[in-house]
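What you see below is based on every heavy atom in this structure, not just the backbone, and it leaves out hydrogens, waters and symmetry mates.
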Amino acid sequence: MLETWPFAAVWLIGWLASLVAPPRMLWQVAKLTSLSALLCAVMLVLFSAFSAAPADRVGLVVIALVAVLGWVVTRFAKHYLQGEPNQIMFIQFTLFTLTNVGLIVVSDHLLLMLLGWSLTSVGLHKLLLFYHQRRAAQIVSHKKFIISRLADVLLLLAVTLTYIDVGSLNLAAINAHVAEFSELSIWLELTIVLVALAAILKTAQLPLHGWLIQVMEAPTPISALLHAGVVNLSGFVLLRMAPMLAQSDIAQALLVVVGSLSAALAALVMLTRISIKVRLAWSTCAQMGFMLMEIGLGLYELALLHLVAHSLYKAYAFLSAGEAVEQARLQRLLAPAYSVTRKKLYVLSPLISAAVIGVSFVVWQWVLPQFHVSWVALIILTIGFAPLLWPQRDMTAKLFRLGLLRVLLLTQLYFIWHLLFAAAVPSQGKTHIALVVWVALVFVALFGLQLLVQLYPQHKWSRSLYPWAYNGFYLDERFTLVTFKIWPLPPAQTDASKEIIS
């Protein structure tokens, strides 16, 4: 197995150097560390490509991703944070956070991996308090702290139960133990359910999502690091434990139900938001739900693709948020009324999308007879690509053909990435028909509600839905009331909730 520990060691050395280096040298330390980590990742990927030794392909993909994100965020932050008083804290805890992310992606030991996962949230907690004097930042970080510590308790229990049952915390030994039996023991069943619950907590799934939406108090580089990197770690950990997850119907159902509902509800809420960064935060909540749902359905290659694509997109989106605001000002806010023809095109868009994807799949199988894509993934692609065919302002035949071309090209791109990632992830898990039916119903309902709002914005149902969606279906408010009664803020900070805007 290719050793990837040098990648984590680079970040660790950089973090330790930041603790002793003079303040004027800290940015040079951060830039040199991120560049060294990027070069290390490139060398590891090249070595694995030309080596006969087996490689951890999932780990290498995520190592390359983390290296790119760390390098980009560090370079961006140096200019963005000029003049800020807390730059030393930012550098030290960013390197600390990335050190623990590196520990997660290179470790094959369950305890070390989950320890890194926990310490990552500790570093992120300090970064979210960059403006520690702001009461809104204090209350948001307090909510995040409560949820993260609950997740840590679940992970500690999972580690303990695994060791009791297997007698080892090495992932290879655990997976070999799981492969010996047709079903999980009660301890391992409980272990993977606890890990799934921890993943739900750490990806800010509804109704535990409030802190993720409200961390806009933090500077943009911290938001980019959170949304593009840290929050995705749940998907990586679950992929590492895929052999155990594939044998747990309870954990799979939990991921699918919670993930699909979060994805659907967050997508509806996102439509009501004007702030670019808040829309991106709700998008992250929805995308993380989508990724958990894919893992629960056994679509591991699609989940890995989702993890990589979401990280790169969110890093770009947050770091260019200012340009997005400027572009939005140039667009018209109101579209003209839709004709009957256009309304029919909305309804027919899933069928057209399905036809393009279906024909493409048949052609790919004709060229590559061994090519296989789960029919569940094809359904997800059909629903996901359908909005690309929705009518635009001043819809013309040229714009419709452009929509068809986008669906066609994105389908080919997905099939290419599917071939690459299918060789990296574990073999596809079993897919339960009941979970597929559930997902289909949820996303058909979401598609129908989106059509209702688009075509009939003044309908009484649309008017009734809007305040619920705008207020996040009031889930965060209820969660905050309950948790703050159990673990309240100090008296001087209790009025901070007045400053929070979801």
Side-chain angles (χ1 to χ4, degrees), residues 1-5 7-8 53-63 100-120 151-203 232-256 291-292 294-301 303-304 307 421-430:
M1 179 74 69
L2 175 68
E3 291 295 339
T4 54
W5 282 99
F7 179 74
D56 173 19
R57 295 176 179 176
V58 174
L60 287 172
V61 168
V62 180
I63 282 173
N100 287 287
V101 171
L103 176 63
I104 296 170
V105 299
V106 305
S107 178
D108 60 352
H109 192 276
L110 185 61
L111 179 59
L112 290 179
M113 188 169 65
L114 298 186
L115 177 63
W117 204 10
S118 178
L119 291 177
T120 298
D152 291 342
V153 171
L154 297 179
L155 293 175
L156 181 60
L157 290 173
V159 169
T160 304
L161 293 174
T162 302
Y163 189 78
I164 290 174
D165 189 277
V166 181
S168 173
L169 295 177
N170 182 274
L171 283 176
I174 294 171
N175 292 335
H177 177 84
V178 169
E180 293 178 1
F181 303 94
S182 58
E183 60 182 25
L184 298 177
S185 66
I186 184 64
W187 302 120
L188 290 183
E189 180 79 36
L190 186 55
T191 292
I192 195 61
V193 169
L194 290 173
V195 173
L197 286 172
I200 289 170
L201 291 171
K202 287 182 176 288
T203 49
N232 288 300
L233 291 174
S234 295
F236 176 77
V237 173
L238 289 172
L239 288 174
R240 281 286 198 225
M241 305 185 72
M244 191 187 303
L245 178 64
Q247 294 193 33
S248 174
D249 295 342
I250 298 175
Q252 288 178 322
L254 188 64
L255 292 173
V256 169
M291 184 179 67
L292 294 183
E294 291 162 349
I295 294 174
L297 290 172
L299 304 175
Y300 303 136
E301 78 288 342
L304 181 59
L307 188 156
F421 286 148
V425 299
S427 58
Q428 180 175 317
K430 56 183 178 181

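With a 4.5 Å cut-off on side-chain heavy atoms, Leu190 and Ile186 do not count as touching. Using a 4.5 Å heavy-atom threshold, the side chains of Val61 and Phe421 count as touching. With a 4.5 Å cut-off on side-chain heavy atoms, Val62 and Leu239 do not count as touching.
Gly296 approaches Leu255 most closely through the heavy-atom pair CA-CB, 4.1 Å. The nearest pair of heavy atoms linking Ala8 to Val106 is CB-CG2, 3.8 Å. When all heavy atoms of Ala198 and Leu155 are compared, the closest pair comes out as CB-CD2, 3.6 Å. Heavy atoms only, all atoms of each residue included: Ala196 and Leu254 are closest at CB-CD2, 4.3 Å. Here the shortest heavy-atom pairing between Ala158 and Val195 reads CB-CG2, 3.9 Å. Nearest heavy atom pair, residue Asp152 against residue Lys202, reads OD1-NZ, 3.6 Å.
From Ile295, atom CD1 reaches atom CD of Gln252 across 11.0 Å, with rounding to the nearest 0.5 Å. Note that CG of Leu154 and CG of Leu201 are 6.0 Å apart. Values are rounded to the nearest 0.5 Å. Remark: Ile174 CD1 to Leu188 CG distance equals 8.0 Å, nearest 0.5 Å. Distance check: Trp117 CH2 to Leu110 CG gives 10.5 Å after rounding to the nearest 0.5 Å. Taking CG of Leu245 as the start and OG1 of Thr191 as the end, the distance is 12.5 Å to the nearest 0.5 Å. Going from atom CG of Leu103 over to atom CH2 of Trp5 covers 5.0 Å, rounded to the nearest 0.5 Å.
Residues in residues 182-200 take part in no salt bridge (Lys or Arg N to Asp or Glu O under 4.0 Å) pair, two or more places apart or across chains.
Take Ser107 and apply the side-chain hydrogen bond (donor to acceptor under 3.5 Å, both in side chains) test, not counting sequence neighbours, and it matches no residue.
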- Task: For Val105 and Thr4, run side-chain contact (heavy atoms from CB on, under 4.5 Å): C-alpha distance rounded to whole Å, both residues' side-chain angles, the deciding distance at 0.1 Å, then the answer.
- Result: CA-CA 9 Å; Val105 299; Thr4 54; over 6 Å; no
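Side chain of Arg240 to backbone of Asp108: no donor-acceptor contact under 3.5 angstrom is found.
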Under 3.5 Å donor-acceptor pairs involving side-chain atoms of residues 164-172, not counting sequence neighbours:
{"residue": "Asp165", "atom": "OD1", "partner": "His177", "partner atom": "NE2", "Å": "3.1"}
{"residue": "Asp165", "atom": "OD2", "partner": "Ser185", "partner atom": "OG", "Å": "2.6"}
{"residue": "Ser168", "atom": "OG", "partner": "Asn170", "partner atom": "N", "Å": "3.1"}
{"residue": "Asn170", "atom": "OD1", "partner": "Ala172", "partner atom": "N", "Å": "2.9"}
{"residue": "Asn170", "atom": "OD1", "partner": "Ala173", "partner atom": "N", "Å": "3.2"}

